Asker: 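Pasting a structure here, questions to come.
Predicted model only: the values in this text are computed from it and were never measured. Chain identifiers are assigned alphabetically (A, B, ...) following the order of the sequence lines, protein sequences preceding nucleic acid strands; residue numbering begins at 1 within each chain.
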Number of protein chains: 2
Amino acid sequence: MPRVGIREVAAAAGVSMGTVSHFLNHPDRVSAEKAKRIQEAIDRLGFVRNNAGRQLRLGHSTTIAYIVPDVSNPFFATIAEGVERRAAQAGLSVFVANSGGDPAREDSYLDLFEEHGVRGMLVASPRAIEDRLAAIRGRGTPSVLVGQRASSPAQPSVSIDDVSGGHTAVRHLVDIGCQHIAFVGGPLSIRQVADRLQGASDAIREAGSATLEIIASEPRVIATGHKVAAELIGRTQGRRPDGIFAVNDLLGIGLVQTLATGGVSVPEEVAVVGYDDIEYAENSFVPLSSVRPPHEDFGVAAIDLLLAVLGETQPPPENHLVFTPDLVVRRSTARG
Amino acid sequence: MPRVGIREVAAAAGVSMGTVSHFLNHPDRVSAEKAKRIQEAIDRLGFVRNNAGRQLRLGHSTTIAYIVPDVSNPFFATIAEGVERRAAQAGLSVFVANSGGDPAREDSYLDLFEEHGVRGMLVASPRAIEDRLAAIRGRGTPSVLVGQRASSPAQPSVSIDDVSGGHTAVRHLVDIGCQHIAFVGGPLSIRQVADRLQGASDAIREAGSATLEIIASEPRVIATGHKVAAELIGRTQGRRPDGIFAVNDLLGIGLVQTLATGGVSVPEEVAVVGYDDIEYAENSFVPLSSVRPPHEDFGVAAIDLLLAVLGETQPPPENHLVFTPDLVVRRSTARG
DNA sequence: GTGAAAGCGCTAACAA
DNA sequence: TTGTTAGCGCTTTCAC
């Protein structure tokens, strides 16, 4: 099987290589007659344009990279939706890479994409990675940090205001009458968790009379919620919180399940708010109120910021986009 | 900022381009002294090897593509885990692309990856896509079809025996004493759904006395389960099934929730089995029995098959790998 | 509208 | 061990 390149197509169509290339890149500058001959040759020969040659000549590619710690996390997956849609509109393709939370793999993907000459990168990482991105940017590949606010003004980022999210959640609990509120989730060493707690504390302080108990349990999965709820059920009524802010929905779902089946009514005795608004929150046993970060919009914003940096669109008015999450009220906090 | 290539490194290190290239590709063939000088130059200049040039020269890349309809689907995400791990061992990188179930996007990614000259592709698609893959294969890019058994012997595939899975589920229901079994889920035009129903029917036939009712509801999400369960609750006891095989876990979870809270005891009055064994099945209100397809193993198997086709390892003993799913028994079918 | 030719950055074969 | 060099496939001036 002889490789078929632009040269073979040209020969088969009886034109020069240059004309075939023109046909591929500026179809309008080729006569209808030769265009037809070329197209036939392409179809017959099964010609596929070689990207390496093209990119080498052009000096740049037409793809962007999206590096995530965990593809299966609905949060990143939904962002990917928006990213792909918007990138396609801009004529860019998206390659997703999954670091699996492993710094070494993340690093090698960063290298790989830089070697591949991607136009830009969207990087979601739990790690401190700005220095690395700065170096890459210095060599010509721009990036947008996704999910954490960059500290450098030069590093574009798209993030969520978790302090505000935590505040909103607890403020809501206070508003519906909760006085003894528990914060469930950890570890506090994770920025997002710490920020949400910060917002929660602020709301408590503003409320004046309410108290906050911190139950730093991990991992942040349903089973942990079950465990914490079991402990709570064992307490005497007076020592039990009347409102819970779960640092994510999985914890919240677990809490509600065990609480409700264990004889503690939700939301009457204990109201529960989660965070992330994953699909299961809405459909859980007792539908869970939740703080909802923007999803698709977030991906779109990230791409738009990257395009702006690339100079494809207007320059960015602001390098750091911070989204404020909403609250979705459902049965788990619907009192009265 | 002047581009820095192998030429600039060579100049800075006072050696020739060829030596730098050797250093990059066969470090052992370069004297320690020059190696040091080259490494210093690379670090100082921030040299990043240009993949386009490399690949053009080499004639092949060192990446493989994994195309999925939906990255956020835990099924594909878990496979990705296995795929990446195994690929890394083989010195290959994985680019994931998300078709979003859109045939047009799937098609353009297929083109894109072929143009990029990936070593091979792993393709999960709900569509009939074998002809397309055959054409691509004919031009030199092999692939493994993931999730559906290929009909052509020439097209490697890794799939799950859904007929067997459906059989296992219903056989289990029969074994615990169910006589009137409902199959919930659709559309039947989807191969996986049809296969599971086929297996279910087979099990019913073997049982002799039991009956099967088909409730072809979609989409296959929790909310649909709620709806179907509400309808079931409204029936008189005699006309209500005593066992349900939900075609996926989301449906199963929805069914169990509404059934149990609606006063129909699970598993005593109605036993329920789901399919896929997603994380939430185990942690749902009433833990859900489920048919569990292999996950990580599946990804590993897919890559191994691809490597075999690429000739990196032993030739494949068999082009079509079919996995038989297990049953995980939990409370939703734990009678007695 | 079309063709000829230069060269993108790199690797490997060959020469020294 | 090191240097020199041809050329991978493509796009794009530039001439015609």
Asker: Determine whether the aromatic ring centres of residues B:H116 and A:F95 are separated by less than 6.0 angstrom.
Answerer: yes
Asker: Could you check whether B:S151 and B:E130, counting side-chain N and O atoms only, form a donor-acceptor pair closer than 3.5 Å?
Answerer: yes
Asker: How does each nucleotide of nucleotides 4-11 of chain C score, in 5' to 3' order, for protein heavy atoms under 4.0 Å: base (B), sugar-phosphate only (S), or none (-)?
Answerer: --BBBBBB
Asker: Between A:R191 and A:D162, is there a salt bridge with N-O shorter than 4.0 Å?
Answerer: no
Asker: Throw together a table of side-chain donor-acceptor distances under 3.5 angstrom for residues 85-92 of chain A, partners on residues two or more places apart or in other chains.
Answerer:
unit_1, atom_1, unit_2, atom_2, d
A:R85, NH2, A:E296, OE1, 2.4
A:R86, NE, A:D304, OD1, 3.0
A:R86, NH2, A:D304, OD2, 3.0

Asker: Mind checking B:H26 for me? I need base, sugar-phosphate or nothing, with any heavy atom below 4.0 Å counting as a touch.
Answerer: sugar-phosphate
Asker: Is it true that A:E84 and B:R105 have a side-chain N and a carboxylate O under 4.0 angstrom from each other?
Answerer: yes
Asker: State the CZ-CG distance between B:R149 and B:D161, to the nearest 0.5 angstrom.
Answerer: 9.5 Å
Asker: Would a distance-only check, ignoring hydrogens and angles, find a side-chain to backbone donor-acceptor pair under 3.5 Å from A:R37 to A:A13?
Answerer: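 Indeed, once roles are kept as given, a pair shorter than 3.5 Å links the two residues.
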Asker: Measure NE2/B:H116 against C1'/D:dC10 and give the value in whole Å, please.
Answerer: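 It works out to 14 Å between those atoms.
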Asker: Starting from the C-alpha separation in whole Å, work towards a yes-or-no answer on side-chain hydrogen bond (donor to acceptor under 3.5 Å, both in side chains) for B:E106 and B:S125.
Answerer: CA-CA 8 Å; B:E106 181 180 271; B:S125 170; 2.9 Å; yes
Asker: To the nearest 10°, let me know how far the axis at one end of the helix from C:dG1-D:dC16 to C:dA16-D:dT1 is tilted from the axis at the other, five pairs an end.
Answerer: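 About 30° separates the two local helix axes.
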Asker: Using atom CD of A:E33 as one end and atom C1' of C:dT2 as the other, report the distance to the nearest whole Å.
Answerer: 12 Å
